[in-house]
2 protein chains.
Amino acid sequence: MSKAFTLPQLRVACSGCSLRELCLPVDLTDEEMRRLERLVSEKHAYRRGDYLYRSGARFDSLYAIRTGFFKTQVLHEDGREQVTGFQMAGEIIGMDAISNDMHTCDAVALEDSEVCELPFNRLEALSRELPALQRHLHKIMSREIVREHGIMLLLGSMRAEERLAAFLLNLSQRFAARGYSATVFQLRMTRQEIGNYLGLKLETVSRTLSHFQEVGLISVRNKAVEILDMKGLQSFFGVAAGPL
Amino acid sequence: MSKAFTLPQLRVACSGCSLRELCLPVDLTDEEMRRLERLVSEKHAYRRGDYLYRSGARFDSLYAIRTGFFKTQVLHEDGREQVTGFQMAGEIIGMDAISNDMHTCDAVALEDSEVCELPFNRLEALSRELPALQRHLHKIMSREIVREHGIMLLLGSMRAEERLAAFLLNLSQRFAARGYSATVFQLRMTRQEIGNYLGLKLETVSRTLSHFQEVGLISVRNKAVEILDMKGLQSFFGVAAGPL
DNA sequence: GGCGGCGTTTGATATATGTCAAAAACCGTG
DNA sequence: CACGGTTTTTGACATATATCAAACGCCGCC
């Protein structure tokens, strides 16, 4: 269990990580980078369906997603659930837990995934010494607030077609930012999970996707999606695809 | 303009501020408190309808509300607007702007109000030296993320009655936390603004409030509200009133 | 203190989305 | 490769909320 014996492939090497630019501040020196790497203690693997954390669990660490796909959700006691986000490689999750030293939502792997653990106390300590890291941490949290404003706008004022268009365009952008196709991709979540994110029933999600297909905006077959008319989708809700 | 000539009543004295416990970390020493007070450079007054900041404006400072009431909103280019929050004394606003050094929403005074300006660069610098302040800043941002999760749940899965009940109970709690009545208060916002917050049309807000009155849950006349049956309101959406 | 405009209430009607249901397609597992 | 359970699609129908409209009341300003 001593760190000295951690297997090489389980050690973290941020400096060589392809996600570096998504997940880290860009302007660290080599020495600063090494200090950060020492902090990122371990990598963990999760199978599809595994919980990364559960609501109510004690908070110790943030997590950087290295590979895979997660959803985060809050549950209402009567069983209703709201998906608060779908997270992919390079994104940091767990920030909601800082406020009460306790996780306030569940994080579930939607496919086999790996995460880097960032012990928060040590992250705070290091960010006191590295202003660039401190600023980066603040920006990540702020970005999450902005993202949620966008979802509030979506949930509060958009129609089903607009919500789905925004959702697909957002996924497209994020896949593109990671070097994948912006037009052809696999959904990792069910219609139900999409509905729980967008405030719609699964039947409405299904119908709306079918409708998009009928009018030639997309091709969809189960989880396989191809965007055929990006402009057409964008026109559904002004131009701003914004970060969802 | 020199700080030396700032009038005494415009200088900030956090240590004597009645909102201290809402807005500041609790465990600062006197010396640390003085350093923080020096940072909180100025107090500004706003009239009802004034903008504290606008979307797109450059970001320099967070603001602590000392007296009064604000709303924050994001605008969609087609004119739709989503109110992202109603903020009252002791709350900190502007954190969405950190991510891009630019405000991403408007903040508008709903009544005559005063705010304390917190220059963010200096706040970051000081929080590198005062771990308690650093932790507090992180908690405030995290709390905002949690609050927004709650609103996503509300917007994504609650019916109009549940949304209004949650809204009234949330206001009630926050007034109570500030020493005001939990049952009798004035709304500071219009039905339209409530609707833009809760994802409802103003007519639906009005009808739902009228209905609450008919069944004896509240008494409402224009902006004056009295909660007559707190338990009854709570039963609308489980028990969790949560921070909105 | 009266006028005018905004905010609110209430009614009648329209509609987007939810609900219920059944069949079809897909997927992991034995 | 077949089976059983889950996911998806599609249809018919129900309903919560939006839309349109008119009257009323409150409040600030002249």
Side-chain angles (χ1 to χ4, degrees), chain A residues 47-50 71 78-83 108-112 154-168 186-215 218-225 236-237, chain B residues 47-49 71 78-83 108 110-112 154-168 186-215 218-225 236-237:
Chain A
R47 308 290 302 277
R48 174 177 175 190
D50 286 349
K71 69 170 174 179
D78 64 8
R80 283 180 282 192
E81 54 189 70
Q82 176 68 33
V83 171
V108 187
L110 295 179
E111 62 183 27
D112 294 356
L154 179 147
L155 291 173
S157 71
M158 290 187 181
R159 304 174 329 109
E161 287 183 341
E162 299 173 301
R163 297 184 199 192
L164 259 302
F167 174 72
L168 291 172
Q186 290 282 129
L187 300 174
R188 311 299 155 89
M189 65 296 284
T190 65
R191 302 287 188 268
Q192 167 116 245
E193 287 167 330
I194 296 173
N196 285 346
Y197 185 50
L198 300 179
L200 301 169
K201 293 295 159 186
L202 68 93
E203 295 94 330
T204 304
V205 173
S206 178
R207 272 185 244 276
T208 305
L209 291 176
S210 297
H211 178 235
F212 281 173
Q213 178 160 251
E214 278 165 30
V215 299
I218 67 173
S219 148
V220 56
R221 185 189 177 102
N222 277 306
K223 299 221 155 67
V225 170
F236 262 103
F237 67 121
Chain B
R47 307 288 302 276
R48 176 177 173 187
K71 68 169 175 181
D78 65 8
R80 280 179 284 193
E81 55 189 68
Q82 176 67 32
V83 170
V108 186
L110 294 179
E111 63 183 23
D112 295 355
L154 180 147
L155 292 172
S157 73
M158 289 187 182
R159 304 171 331 105
E161 286 184 342
E162 299 173 302
R163 297 184 199 192
L164 259 302
F167 174 71
L168 292 173
Q186 291 281 130
L187 300 175
R188 308 320 211 270
M189 66 296 284
T190 66
R191 302 287 188 266
Q192 168 117 241
E193 288 167 328
I194 296 173
N196 286 345
Y197 184 51
L198 299 179
L200 301 169
K201 294 296 159 184
L202 68 93
E203 295 94 331
T204 304
V205 173
S206 177
R207 272 185 243 277
T208 306
L209 291 177
S210 296
H211 177 235
F212 281 172
Q213 178 160 249
E214 279 165 31
V215 298
I218 66 173
S219 146
V220 56
R221 187 191 175 101
N222 277 305
K223 299 225 154 68
V225 171
F236 263 104
F237 66 120

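Chain letters run A, B, ... following the sequence lines, proteins first and then strands; every chain starts at 1. This one's a predicted model, so the numbers in the text were calculated from it and none came from an experiment.
Each end of the helix from dG1(C)-dC30(D) to dG30(C)-dC1(D) gets its own rotation axis from five pairs of C1' atoms, and the angle between them is 50° to the nearest 10 degrees.
One atom, CD of Glu111(B), and another, P of dG28(D), lie 13 Å apart when rounded to the nearest Å. In this structure, the CG atom of Leu187(A) is 13 Å from the P atom of dC27(C), given to the nearest Å. His211(B) has its NE2 atom 13 Å from the C1' atom of dA16(D), to the nearest Å. In this structure, CZ of Arg221(A) is placed 12 Å from C1' of dT9(D), rounded to the nearest angstrom. Atom CG in Leu202(A) sits about 17 Å away from atom P in dC26(C), given to the nearest Å. As a whole-Å value, the separation of Leu198(B) CG from dT17(D) P is 12 Å. Look at CZ on Arg159(A): it is 16 Å from C1' on dG18(C), rounded to the nearest Å. Following rounding to the nearest Å, Ile194(A) (CD1) and dT17(C) (P) show an atom-to-atom distance of 16 Å.
When distances are taken from the side chain of Glu203(A) to each of dT17(C), dC20(C), dC26(C), the shortest belongs to dC20(C).
We find that Arg159(B) and Glu161(B) are joined by a salt bridge, their nearest charged nitrogen and carboxylate oxygen being less than 4.0 Å apart.
Residues Arg163(A) and Thr208(A) fail the side-chain proximity criterion, which asks for heavy atoms closer than 4.5 Å. Contact check for Val108(B) versus Glu193(B): no side-chain heavy atoms found under the 4.5 Å cut-off. Side-chain contact between Gln213(A) and Leu209(A) is absent, with no heavy atoms from C-beta onward closer than 4.5 Å. Side-chain contact between Lys71(B) and Asn196(B) is absent, with no heavy-atom pair separated by less than 4.5 Å.
In terms of modelled atom types and a separation under 3.5 Å, the side chain of Ser206(A) and the main chain of Leu202(A) share no donor-acceptor contact.
Here OG1 of Thr204(A) is found 10.5 Å from CG of Leu198(A). Values are rounded to the nearest 0.5 Å. Note: Arg207(B) CZ to Leu164(B) CG = 13.0 Å, rounded to the nearest 0.5 Å. To the nearest 0.5 Å, the span separating CG on Leu187(B) from CZ on Phe167(B) amounts to 6.0 Å.
Scanning both residues, Ala224(A) and Gln186(A), for their nearest heavy atoms gives CB-OE1, 3.3 Å. Of all non-hydrogen atoms in Phe236(A) and Ala165(A), the two that sit nearest each other are CB-CB, 3.8 Å.
Leu200(A) comes within contact range of the sugar-phosphate backbone alone, with a heavy-atom separation under 4.0 Å but no base atom that close. Gly199(B) comes within 4.0 angstrom of sugar-phosphate atoms only, judged by non-hydrogen atoms across all strands, and of no base.
Contact annotation: Thr204(B) side-chain N/O to dA16(D) OP1/OP2 distance is not under 4.0 Å.
The salt bridge (charged side-chain N to carboxylate O under 4.0 Å, His left out) with Glu111(B) is formed by just one residue from the set Arg48(B), Arg188(B), Lys223(B); it is Arg188(B).
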Could you list, one pair per line, each protein nitrogen or oxygen that sits under 3.5 Å from a nitrogen or oxygen of nucleotides 2-7 of chain C, together with the distance?
none

Dump every N/O contact between nucleotides 12-15 of chain C and the protein below 3.5 Å, one line per pair.
from	atom 1	to	atom 2	distance (Å)
dA12(C)	N6	Arg207(B)	NH2	3.4

